[in-house]
**Student:** 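Handing you a structure now.
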Amino acid sequence: RGAHDQNKILSQNGFMKKHVDIFEDTEENKLEYMKVFKEHSKTVEAFLEKRLKEAVSGFDMGKFQEELEARPDEIDEEILELLGSLADFP
């Protein structure tokens, strides 16, 4: 469901159509990929925050991030790595 939701939000805001022409089937990363990656990250983060606010009354992303940083020993290492990897450029 998660990938489907992400594709839905990206297609709804025209993200995929807007950027489809810059990508090539090569191993090389073009400089403009970073700009697209940052825009993609902002889009997905906004989507996740919106869904969390809908699901959790009074949800605050800033407070959530503070709690994650304050309690690294209380969070499963794999989950923490996954969350951290979402911001990494491939």
**Student:** Got more than 12 heavy atoms from elsewhere within 6.0 Å of CD, Glu54?
**Tutor:**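 Yes, CD of Glu54 has more than 12 neighbouring heavy atoms, counting only those of other groups under 6.0 Å.
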**Student:** Can you tell me how far apart CD (Glu69) and CZ (Phe64) are? Round to the nearest 0.5 Å.
**Tutor:**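 Going from CD on Glu69 over to CZ on Phe64, the span is 11.0 Å.
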**Student:** Hey, are Lys63 and Glu67 close enough for a salt bridge, meaning a charged N less than 4.0 Å from a carboxylate O?
**Tutor:**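 Looking at Lys63 and Glu67, the cut-off is not met.
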**Student:** Working to the nearest 0.5 angstrom, can you tell me the gap between Leu52 CG and Glu45 CD?
**Tutor:**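 One gets 11.5 Å once the value is rounded to the nearest 0.5 Å.
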**Student:** Quick one: pull up CG in Leu68 and CD in Glu66 and give me the separation to the nearest 0.5 Å.
**Tutor:**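 Output value for this atom pair is 10.5 Å.
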**Student:** Would you call Lys50 and Phe47 a side-chain contact if the rule is heavy atoms closer than 4.5 Å?
**Tutor:**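 No, side chains not in contact.
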**Student:** Lys53 and Glu49: salt bridge (charged side-chain N to carboxylate O under 4.0 Å, His left out), yes or no, with the steps?
**Tutor:** CA-CA 6 Å; Lys53 285 181 177 181; Glu49 186 167 0; 3.4 Å; yes
